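Predicted, not measured: the structure shown is a model, and the values here were computed from it. Just so you know, ligand 1 is whichever comes first in the structure, and atom 1 is the first atom listed for that ligand.
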Amino acid sequence: MSTDSETSEVQMNVSSDPAREMGRATQAQLEAYEGLKFELAGLIREASGLAWRAKNESLQRNFQSLLQRLAEDRFYLTLAGQFSRGKSTLMNAMLGMDRLPTGVVPVTSVITAVSYNPYERVKVHFANSNLTQDVPLSELPEWVTEKGNPGNERKIDMAEVQLPAELLRRGAFFVDTPGLGSAVIENTKTTHRFLPQIDALVLVTSFEFPLSQEEILFLSSVRDLRRKIFIVVNKKDLSLVGQREQVLEFIRLRVLPEFGSDEIPVFPLSASEGLAARLNGDFDRLEQSGLPRFERALVEYLLTERSHDFLAAMCERIEALFKTPDVAGLGELEKRLEQVRVRIRGDGKKDDGERRWTRASSIETEILRPVKISSCFVCARMADATFKFMSQFQYDLSHNRDQQVFHASRSGFCTLHTREYAKLASPQGIASGYPRTLLFAAEHLLSLVRGGTLSDNWEEQFEQFLPNVRKCRACQAVAEVESETMDGFVRENRGARADDSDLPCVCLRHLAAIVQRAAGTELAAPMLSQSAAVLKRTAENMERFALRHGGHHMELVTDEELASSEKGLNLLVGQPNVRPLGRS
Ligand SMILES: Nc1nc2c(ncn2[C@@H]2O[C@H](COP(=O)(O)OP(=O)(O)OP(=O)(O)O)[C@@H](O)[C@H]2O)c(=O)[nH]1
Ligand SMILES: [Mg+2]
Ligand SMILES: [Zn+2]
Ligand SMILES: [Zn+2]
């Protein structure tokens with residue numbers, strides 16, 4: 001019998017001053033964002049079920065991997081462009097670490113995703129399989145370069161490099177891709193295959209060869225997917241000041257007509273200069289390189305529009321799968337997806353067109369105050385009382401004849417307490433304590449029959465010796481504790497309280513009983529709102545758990561999320577081993 005009274009801390013906001021209000025606004029946005037994510041997850045799960053029924057395994061797998069991406073909140077900020085324009089160098093410069101292989105000949109041959117981790121490590125994901133392999137960072141070139149892994153002959157889906165780089169803490173994956181248009185055709189193909197996965201694109205071109213045909217083609221494909229685009233014109237150091245303006249002018253003219261230049265920002269910079277400056281701690285040179293200006297724009301984007309763009313991109317990926325023919329029910333889901341989409345559009349933009357979503361910054365999160373989520377404290381006391389009662393009782397029943405007779409006369413306990421007794425008592429104890437109760441029942445059964453026929457009032461008589469909660473002595477003992485606990489709580493807390501977040505959790509029935517006892521006091525209303533907050537929080541934990549579990553990301557599940565389902569059910573109906581207000 002567990003009293004299940006452990007508590008877990010969760011972030012929850014209680015606010016009044018302006019700083020707190022700001023935290024609350026951010027919290028509301030995060031909740032809206034998460035809520036939409038949960039809805040998309042729900043749609044994908046349903047669709048996955050339909051795919052399963054239609055025996056379409058590959059579709060089911062596709063839904064599964066979308067779910068996984070949603071669960072991880074994986075956002076692929078992808079660097080792409082012609083070979084040797086400096087994508088890998090730029091990535092290194094942004095990370096301030098010289099980790100990705102670079103060189104004058106086509107180098108990168110594998111999609112390389114870089115994400116944040118307190119320590120460095122590399123995970124290699126193999127194509128067409130769930131297999132991954134951890135490899136030392138020093139061996140990265142053997143897996144991701146044209147030299148070590150020509151045309152990706154080792155069939156790697158993605159190399160995942162985890163690094164302790166500050167910029168990555170913004171929650172995005174930075175993805176380096178093989179260059180387009182080199183003699184290694186397989187590399188171009190690899191990057192094109194990755195296209196649907198891109199959430200935002202950084203097109204890396206150079207002053208020497210600004211925007212090749214290949215790059216323009218790639219740009220329009222990404223544009224068709226309505227993904228955010230940044231253009232970096234690299235190797236600024238190789239061009240003369242006079243030529244620079246010409247190149248930028250050319251790009252604006254090439255890009256303007258097709259895409260609208262105000263939507264695609266262009267950043268002239270020198271990745272190699274930026275990297276060298278950063279490694280040497282030379283801040284003037286760093287600023288000169290043009291890198292910081294680009295990074296500021298990226299961070300600004302990641303903190304604001306990213307959430308919106310991530311959801312929008314997910315919607316499109318889901319929609320594409322919903323178009324699969326011959327799967328019954330997908331059309332219906334598509335309609336619901338459209339509704340979510342409308343909300344994403346609406347929630348993502350303020351009236352002035354500014355995106356509203358932001359991720360909570362650390363300062364804002366600190367404003368949020370912890371609140372305890374635990375099981376119902378009344379139920380917990382009742383469980384304790386049950387345990388105490390049964391411990392004593394099971395001993396008495398097996399040793400004391402009077403107890404046995406009395407127990408038999410009451411037809412034993414109610415169903416719940418019979419089970420609780422059985423959990424505690426030994427087989428020997430039950431076998432010696434209970435026969436009288438069974439015999440008592442047997443006698444009653446026989447008394448219902450007279451001369452081979454049922455007696456007239458058999459139903460009434462039968463009812464009288466059936467076990468029930470009114471006769472159950474355990475029910476009586478526990479109900480007394482239940483009443484005392486609630487009365488005591490209301491007595492002690494009826495006055496105004498300094499901090500409502502200290503209020504304990506209660507199940508719904510106990511909440512009703514407490515509010516009834518506390519009606520007209522300062523306690524009633526806070527009890528209700530606090531319980532509402534706890535239920536809401538628990539629901540969110542359950543949804544996060546479902547999302548991660550469904551997305552095969554159990555390693556991301558927190559203890560609080562793990563416990564949330566049981567807690568949620570208990571908050572609705574009380575603990576399993578007690579019956580709240582069971583005698584009323
Ligand atoms: N002068 C100069 N050279 C640069 C700059 N950025 C990169 N390079 C050089 O350009 C060459 C190619 O750089 P990478 O970073 O390997 O280019 P990439 O785009 O990743 O190439 P692929 O992986 O083959 O597509 C290397 O020799 C770099 O040192 C820059 O800003 N200025
Ligand atoms: Mg490269
Ligand atoms: Zn309860
Ligand atoms: Zn009972």
Colleague: Mind checking whether Val481 and Asp384 have side chains closer than 4.5 Å, heavy atoms only?
Modeller: no
Colleague: Looking only at distance, does Lys87 have an N or O less than 3.5 Å from an N or O of ligand 1?
Modeller: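 Lys87 vs ligand 1: N/O contact under 3.5 Å present.
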Colleague: Once you measure the plane-to-plane angle for Phe377 and Phe489, does it fall in the parallel (<30°), tilted (30-60°) or perpendicular (>60°) bin?
Modeller: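 If you compare the ring of Phe377 with that of Phe489, the planes turn out tilted.
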Colleague: Are Asn541 and Ser564 close enough that a side-chain donor and a side-chain acceptor fall under 3.5 Å?
Modeller: no
Colleague: Could you check, using the six-membered ring where one of them is a Trp, whether Tyr421 and His417 have ring centers closer than 6.0 angstrom?
Modeller: no
Colleague: Determine whether the side chain, the backbone, both or neither of Thr108 has a heavy atom under 4.0 Å from any heavy atom of ligand 1.
Modeller: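 Looking at Thr108 and ligand 1, atoms from backbone and side chain both fall under 4.0 Å.
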Colleague: Considering both backbone and side-chain atoms of Ala271, is one of its nitrogen or oxygen atoms within less than 3.5 Å of a nitrogen or oxygen in ligand 1?
Modeller: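 It does: an N or O of Ala271 is found under 3.5 Å from an N or O of ligand 1.
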Colleague: For the 3.5 Å polar cut-off, considering only N or O atoms, please tell me whether Val107 and ligand 1 meet it.
Modeller: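 In this structure, Val107 places an N or O atom under 3.5 Å from an N or O of ligand 1.
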Colleague: Hey, does the side chain of Thr188 reach the backbone of Gly181 with a donor-acceptor pair shorter than 3.5 angstrom?
Modeller: yes
Colleague: Using a 4.0 Å heavy-atom cut-off, say whether Asn234 meets ligand 1 through its side chain, its backbone, both or neither.
Modeller: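 Within the 4.0 Å criterion, Asn234 contacts ligand 1 through side-chain atoms alone.
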Colleague: Is Phe283 atom CZ crowded by more than 12 heavy atoms from other residues, nucleotides or ligands, each under 6.0 Å away?
Modeller: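 No, because the 6.0 Å sphere around CZ of Phe283 holds 12 heavy atoms or fewer from other groups.
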Colleague: Tell me, with the steps shown, if Val110 and Thr190 meet side-chain contact (heavy atoms from CB on, under 4.5 Å).
Modeller: CA-CA 7 Å; Val110 166; Thr190 299; over 6 Å; no
Colleague: Would Leu269 count as being in polar contact with ligand 1, using the rule that some N or O on each side must be under 3.5 angstrom apart?
Modeller: no
Colleague: With the threshold set at under 4.0 angstrom, would you say Arg85 reaches ligand 1 through any of its heavy atoms?
Modeller: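 Under 4.0 Å: yes for Arg85.
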Colleague: For the rings on His407 and Phe393, is their centre-to-centre separation under 6.0 Å?
Modeller: yes
Colleague: Is it the side chain, the backbone, both or neither of Val104 that has a heavy atom closer than 4.0 Å to ligand 1?
Modeller: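 The answer is both.
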Colleague: Ignoring water, what protein N, O or S atoms are under 2.8 Å from the Zn ion (ligand 4)?
Modeller: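 Short answer, with waters excluded from the count: Cys414 SG, His417 ND1, Cys472 SG, Cys475 SG.
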Colleague: Tell me, yes or no, whether the heavy-atom count around Gln288 atom CD, taken from other residues, nucleotides or ligands under 6.0 Å, exceeds 12.
Modeller: no
